[in-house]
Amino acid sequence: KTLMSSLEKLKKIFDEPDLKKLDTEISAAGDMLAGCELRDSEVIKIVNFLLGRIEHYQDDTIVENILNVCLEIMTAHQVFAGFDLDVILPCLIRLNAECSSYMLTFWGFSGDQKYRQHIEPFLSVDGLKGEAEEALRELDYGKDETTSGT
């Protein structure tokens with residue numbers, strides 16, 4: 001399976017106007033992409049494409065599913081950095097707690113210190129403080145492994 005055919009299939013999925021069908025198709029695509037052979041550069045292109053779709057949807061279920069599929073693909077292929085996470089920044093204000101939790105995970109995995117400014121405000125958000133602390137630990141991984149607990 002080539003990257004182009006995977007990306008073309010993904011693009012077609014997002015032509016679906018029915019959100020329930022779209023949600024199901026996103027999940028199926030995620031399962032397929034998590035289970036197929038992909039090079040790191042292909043994982044990055046696919047995840048970047050998916051992240052770029054988020055701005056087009058107000059529906060929390062769709063956004064959460066896209067983020068979940070991104071995490072599944074990252075985990076399946078053990079690629080956690082190199083993504084264009086800036087594309088999500090304009091959408092941050094409208095993300096629910098579950099979606100914000102995914103973003104905290106992605107920012108932490110990125111290892112990019114520029115995301116610290118986006119993680120730190122979540123330290124004062126009930127229900128996301130632990131995820132924010134974990135994201136900061138991931139960001140600082142290697143520098144300071146003495147931070148304890150969640």
Side-chain angles (χ1 to χ4, degrees), residues 1-36 38-139 141 150:
K1 193 163 297 263
T2 67
L3 172 65
M4 284 316 294
S5 70
S6 295
L7 273 175
E8 288 307 313
K9 284 181 182 167
L10 267 183
K11 287 176 184 171
K12 282 189 174 76
I13 286 169
F14 286 97
D15 290 339
E16 175 57 62
D18 182 296
L19 293 182
K20 285 204 180 306
K21 286 182 185 170
L22 176 62
D23 192 46
T24 302
E25 290 182 26
I26 291 169
S27 295
D31 292 343
M32 184 269 299
L33 290 165
C36 70
L38 294 171
R39 292 192 301 274
D40 290 3
S41 61
E42 294 171 332
V43 171
I44 290 168
K45 283 181 179 148
I46 289 167
V47 170
N48 283 345
F49 170 79
L50 289 167
L51 292 173
R53 300 308 303 161
I54 289 172
E55 68 182 311
H56 302 286
Y57 294 94
Q58 301 292 324
D59 185 275
D60 287 342
T61 303
I62 297 297
V63 172
E64 191 176 324
N65 197 3
I66 291 170
L67 292 168
N68 180 58
V69 164
C70 288
L71 184 59
E72 281 181 21
I73 294 168
M74 290 174 184
T75 304
H77 297 285
Q78 296 295 296
V79 178
F80 297 104
F83 303 104
D84 178 12
L85 301 175
D86 291 354
V87 74
I88 299 294
L89 296 177
C91 307
L92 264 189
I93 194 78
R94 66 177 171 82
L95 294 182
N96 66 17
E98 192 64 37
C99 294
S100 296
S101 177
Y102 281 106
M103 288 313 303
L104 288 165
T105 299
F106 297 161
W107 287 328
F109 283 162
S110 77
D112 192 330
Q113 292 298 320
K114 75 178 182 180
Y115 294 117
R116 178 174 298 281
Q117 66 180 328
H118 301 295
I119 296 169
E120 288 175 342
F122 286 97
L123 291 170
S124 61
V125 176
D126 286 343
L128 289 173
K129 183 179 190 290
E131 282 94 335
E133 290 170 346
E134 181 63 28
L136 290 172
R137 276 195 295 279
E138 282 289 334
L139 209 54
Y141 183 74
T150 47

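- Side-chain contact between Leu10 and Leu33: present, with at least one pair of heavy atoms (C-beta onward) separated by less than 4.5 Å.
- Nearest heavy-atom pair, Gly82 versus Asn48, reported as atom, atom and distance to 0.1 Å: O-ND2, 4.4 Å.
- The two residues Ser100 and Leu128 come nearest to each other via the heavy atoms CB-CD1, 3.8 Å.
- Here the NZ-CD distance, from Lys9 to Glu25, works out to 12.5 Å after rounding to the nearest 0.5 Å.
- Annotation: side-chain contact (heavy atoms from CB on, under 4.5 Å) contacts of Asp126 (sequence neighbours excluded): none.
- Glu120 is linked by a side-chain contact (heavy atoms from CB on, under 4.5 Å) to Arg116, Leu123, Leu136, counting only residues two or more places apart in sequence or in another chain.
- Residues meeting the salt bridge (charged side-chain N to carboxylate O under 4.0 Å, His left out) test with Asp86, sequence neighbours left out: Lys114.
- Closest non-hydrogen pair, Ala34 versus Ala76, comes out as O-CB, 3.3 Å.
- Looking at Leu95 and Val63, their side chains come closer than 4.5 Å, going by heavy atoms from C-beta outward.
- In this structure Asn65 satisfies the side chain to side chain donor-acceptor pair (under 3.5 Å) test together with Asp23, Ser27, sequence neighbours excluded.
- Applying the side-chain contact (heavy atoms from CB on, under 4.5 Å) rule to Asp31 yields the partners Glu72; only residues at least two apart in sequence or on another chain are considered.
- How far OG1 of Thr61 is from CG of Asn68: 12.0 Å, rounded to the nearest 0.5 Å.
- The two residues Ile119 and Ala132 come nearest to each other via the heavy atoms CG2-O, 3.5 Å.
- Under the 4.5 Å side-chain criterion, counting only non-hydrogen atoms from C-beta, Tyr57 is in contact with Leu22.
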Using side-chain contact (heavy atoms from CB on, under 4.5 Å), reason through Ile73 and Leu50 one step at a time and then give a plain yes or no.
CA-CA 11 Å; Ile73 294 168; Leu50 289 167; 4.0 Å; yes

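- Not counting sequence neighbours, the partners of Arg39 by the salt bridge (charged side-chain N to carboxylate O under 4.0 Å, His left out) test are Glu42.
- Contacts classified as salt bridge (Lys or Arg N to Asp or Glu O under 4.0 Å) and involving residues 90-105 (residues at least two apart or in different chains) are not found.
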Where do Val87 and Ile54 land on the side-chain contact (heavy atoms from CB on, under 4.5 Å) test, with the steps shown first?
CA-CA 9 Å; Val87 74; Ile54 289 172; over 6 Å; no

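- Partners of Phe49 according to the ring pair (Phe, Tyr, Trp, His ring centres under 6.0 Å) rule, which considers only residues two or more places apart in sequence or in another chain, are Phe14.
- Contact annotation: the side chain of Met103 never approaches that of Phe122 to less than 4.5 Å [non-hydrogen atoms, C-beta and beyond].
- When all heavy atoms of Ile44 and Phe83 are compared, the pair lying nearest together is CA-CE2, 3.5 Å.
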Run the side-chain contact (heavy atoms from CB on, under 4.5 Å) check on Glu64 and Asn96 step by step: do they pass?
CA-CA 9 Å; Glu64 191 176 324; Asn96 66 17; 4.1 Å; yes

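- His77 has its side chain out of reach of Asp40: every pair of non-hydrogen atoms, C-beta onward, lies at least 4.5 Å apart.
- Partners of Phe109 under the ring pair (Phe, Tyr, Trp, His ring centres under 6.0 Å) rule, at least two apart in sequence or in another chain, are Phe80.
- Residues passing the salt bridge (charged side-chain N to carboxylate O under 4.0 Å, His left out) test with Lys129, sequence neighbours excluded: Glu133.
- Residues satisfying the ring pair (Phe, Tyr, Trp, His ring centres under 6.0 Å) criterion with His118, sequence neighbours excluded, are Trp107.
- By the side-chain contact (heavy atoms from CB on, under 4.5 Å) test, Ser110 pairs with Leu85, Asp112, Tyr115, Leu139, sequence neighbours left out.
- The heavy-atom pair separating Leu67 from Leu51 by the smallest distance is CD2-CD2, 4.0 Å.
- Side-chain atoms of Ile26 and Ile62, non-hydrogen and from C-beta on, do get closer than 4.5 Å to each other.
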